Every structure is written in C-alpha cells, then in structure tokens.
**Q** 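Sharing a structure, written as structure tokens. Questions coming.
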Amino acid sequence: MITYNLARSKRKTMAIYIRPDVTVEVRAPLKVAKADIDKFVASKEKWIKEKLRLVEEKSEKRAVFSLDYGSKVLFKGKEYPIVERPGNLAGFDDECFYLPPGLAGEQIKNTCIQIYKMLGKQLLTAKTGKYSQLMGVDSLAVKINSAKTRWGSCSSRKNINYSWRLVMAQDEVIDYVVVHELAHLREMNHSDRFWQIVAAILPDYQERQKKLKSLQKLLSEQDWS
C-alpha cells in the first residue's frame, strides 16, 4: 500500500497530489471512509509510482544544477556562454554573459540572475510599451520580480509584473506573455472575451503557450532559487 498524507475538507471528490518533496497527498471529503480512500489510492498505484519517479528524477537534476565559467544559459531562447572577463563589471554583450573572475558557483548564479533582471527590465518595458499602443491600453508600471510559478501578473492598479525568468524564453513567447498580461487590463479574467483579445493580436497564441510550457519544464529541473 502506498503511504500518503491525508487532508480532509468540505470538498466533494477525492484527489491525489504528488508534492515536490516526493510525498503523496490525498484530499478527501470529511465523511468518506478510510477504507474507501485506501481503495481509491490502490486503484491509482501505477499512476502514483510513475509520478513519484518523475518528481524524484526532477529533484535529483535540481540538486546537481550548477553554473561555472563556460556554462551556457538562455536569453530569448538562445544559449550564451558565461565568460570570465577582467575587471569588476558584469553584463551581457549579445555574445556572452561576462562576469568578473574568481567567482564561486553560487556567486556566478546570483550574478547571472542580476543580469537577467536588468535585461528583463529593459526588454519587457519596451515590449509592454509596444503592445500597449497596439492594444489601446495603458499600464502604469512594469516591475520585475522573482516569481517561480507565474510568468506575469496584472494588478487592479494597472501595474504589470514579470518574472525575470521570462527573458529566457523565445522572443515570440515573451510577446505572448506581454500580450496576455495587457489583455487583463481590459478583461480581468480568462473568459472567452479575454482570449479573443489575445487572439486578435497573436492568432497563434496557443502554439506560443506550448513553447512556454516546454521552458517551464526545463526550468523545473534547474535550481535558480
């Protein structure tokens, strides 16, 4: 029998969740008998074991993730090397991410993150301005954050927030997230009307969504925290 953590609530159905720490959580209605929950879990044993294997594999990849001089990192869907350059400056010159010499692995990663944030502020502010005009909407501010699970968000005050990780995506994928968030300035939901607004600007937005999911999968195996 698979070991699991049980969480009861006023929900109507049972559900199984595989946690990032490689544990199984079952959420069940308050009055469902424990025997019925065990039976439900047993019926999903094959699925659970496969998901646990995938989560454990992902966890192992994250554990060994590291950066060094010579490593390659993504920017706008392309790989660029991390290069050691004399001096105290760090940045991106369209050919590489250049960093001061003598940095340890964690310092290299943190410096790359700072470069990504700088690039994100420049790139995403420009793209937001461009698409704001096309869509006839106005945002008050563009901010870069460190969100891990949300590429972007739009507040009721018309502030647009983007994760710095977004600049790793292909250019057309970045455009999709920008348009998605700006569309929320007209529709603060994901109704049919919302997707019509997105499609009017990017008719192929669904293909761009797929590419974004591929990047999400890749980053889930890398420890950028």
Side-chain angles (χ1 to χ4, degrees), residues 61-62 65-135 137-155 157-185 201-202 208-209 211-225:
K61 288 181 179 179
R62 287 177 60 84
F65 176 77
S66 64
L67 294 176
D68 202 344
Y69 299 106
S71 297
K72 291 186 176 181
V73 290
L74 287 170
F75 176 58
K76 294 174 68 174
K78 297 180 180 179
E79 288 189 330
Y80 293 90
I82 298 172
V83 174
E84 186 176 21
R85 184 173 293 180
N88 298 316
L89 298 179
F92 174 74
D93 63 3
D94 293 326
E95 294 184 358
C96 68
F97 281 66
Y98 59 88
L99 279 63
L103 299 181
E106 196 67 17
Q107 292 173 310
I108 290 174
K109 182 172 71 173
N110 289 335
T111 304
C112 284
I113 290 173
Q114 293 308 310
I115 296 172
Y116 275 129
K117 288 180 177 179
M118 175 193 69
L119 293 171
K121 184 66 175 179
Q122 296 171 352
L123 177 64
L124 293 166
T125 298
K127 283 184 176 293
T128 300
K130 169 189 171 182
Y131 282 105
S132 291
Q133 291 185 346
L134 285 174
M135 299 170 70
V137 295
D138 291 307
S139 62
L140 294 180
V142 172
K143 299 179 180 180
I144 307 301
N145 60 33
S146 298
K148 298 178 182 179
T149 58
R150 299 187 70 178
W151 297 107
S153 61
C154 173
S155 74
R157 295 184 178 182
K158 296 188 176 182
N159 294 323
I160 307 292
N161 302 288
Y162 299 107
S163 170
W164 62 261
R165 292 167 171 80
L166 179 59
V167 296
M168 294 186 186
Q170 295 159 289
D171 210 36
E172 65 266 29
V173 176
I174 298 173
D175 288 349
Y176 160 68
V177 175
V178 171
V179 171
H180 183 115
E181 298 311 324
L182 289 173
H184 280 308
L185 294 178
I201 303 297
L202 303 174
R208 300 177 191 231
Q209 283 180 326
K211 293 179 180 179
L212 188 60
K213 288 179 180 178
S214 294
L215 177 62
Q216 180 74 64
K217 182 179 183 300
L218 174 66
L219 292 184
S220 72
E221 298 173 350
Q222 300 178 354
D223 183 10
W224 282 96
S225 56

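Just so we're clear, the structure is a prediction, and the values are computed from it rather than from any experiment. Only this structure's heavy atoms are used, side chains among them; waters, hydrogens and symmetry mates stay out.
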**Q** Please walk me through it: do Ile201 and Leu182 pass side-chain contact (heavy atoms from CB on, under 4.5 Å)?
**A** CA-CA 11 Å; Ile201 303 297; Leu182 289 173; over 6 Å; no
**Q** Once you round to the nearest 0.5 Å, how far does CG of Leu166 lie from CG of Asn161?
**A** 12.5 Å
**Q** Which residue in the set Thr125, Thr128, Asn145 passes side chain to side chain donor-acceptor pair (under 3.5 Å) when paired with Tyr162?
**A** Thr128
**Q** Starting at CG of Leu218, measure out to CD of Gln222 and round the result to the nearest 0.5 Å.
**A** 4.5 Å
**Q** Under 3.5 Å, side chain of Arg85 to main-chain N/O of Pro100, donor-acceptor pair present?
**A** no
**Q** Search all heavy atoms of Met135 against all heavy atoms of Val179 and return the closest pair with its distance.
**A** CE-O, 3.7 Å
**Q** Evaluate the side-chain contact (heavy atoms from CB on, under 4.5 Å) criterion for residues Ile113 and Lys117: first the C-alpha distance (whole Å), next the side-chain angles of each, then the deciding distance (0.1 Å), finally the verdict.
**A** CA-CA 6 Å; Ile113 290 173; Lys117 288 180 177 179; 3.8 Å; yes
**Q** Can a donor-acceptor pair be found, under 3.5 Å and without considering hydrogens, that links the side chain of Lys109 to the backbone of Asp223?
**A** yes
**Q** Can a donor-acceptor pair be found, under 3.5 Å and without considering hydrogens, that links the side chain of Arg165 to the backbone of Ser146?
**A** yes
**Q** With under 30° as parallel and over 60° as perpendicular, where do the rings of Phe75 and Tyr80 fit, or are they tilted in between?
**A** tilted
**Q** Can you give me the closest heavy-atom contact between Phe97 and Leu74, atom names plus distance?
**A** CZ-O, 4.4 Å
**Q** To check you understand the geometry: which heavy-atom pair defines the closest contact between Lys148 and Ser225, and what is its length?
**A** NZ-CB, 3.4 Å
**Q** Quick check for you: to the nearest 0.5 Å, what is the distance between Lys213 atom NZ and Arg208 atom CZ?
**A** 16.0 Å
**Q** If I take atom CG from residue Leu202 and atom CG from residue Leu134, how far apart are they, to the nearest 0.5 angstrom?
**A** 9.5 Å
**Q** Could you pull out the closest heavy-atom pair between Thr111 and Gln107, with the gap in Å?
**A** OG1-O, 2.7 Å
**Q** Of the non-hydrogen atoms in Ile82 and Cys112, which two are nearest, and what is the gap between them?
**A** CD1-SG, 3.7 Å
**Q** Give, for atom NZ of Lys76 and atom CE of Met168, the distance between the pair rounded to the nearest 0.5 Å.
**A** 15.0 Å
**Q** Looking only at heavy atoms, which two atoms of Ile174 and Val167 are closest? And how far apart?
**A** CD1-CA, 4.0 Å
**Q** Working to the nearest 0.5 angstrom, can you tell me the gap between Leu124 CG and Ser163 OG?
**A** 9.5 Å
**Q** Keeping Tyr69 on the side-chain end and Gly102 on the backbone end, is there a donor-acceptor pair under 3.5 Å?
**A** yes
**Q** State whether the side chain of Asp93 and the backbone N or O of Cys96 hold a donor-acceptor pair below 3.5 Å, judged by distance alone.
**A** yes
**Q** Is Phe92 close to Tyr116 at the side-chain level, that is, under 4.5 Å between some pair of heavy atoms?
**A** no
**Q** Under the side-chain contact (heavy atoms from CB on, under 4.5 Å) rule, what do Val178 and Ile160 come out as? Steps first, then yes or no, please.
**A** CA-CA 9 Å; Val178 171; Ile160 307 292; over 6 Å; no
**Q** Counting only N and O atoms by type, is there a donor-acceptor contact under 3.5 Å from the side chain of Lys121 to the main-chain atoms of Trp164?
**A** no
**Q** Start with the C-alpha distance between Lys158 and Asp138, add both sets of side-chain angles, then the distance that settles side-chain contact (heavy atoms from CB on, under 4.5 Å), and finish with yes or no.
**A** CA-CA 8 Å; Lys158 296 188 176 182; Asp138 291 307; 5.6 Å; no
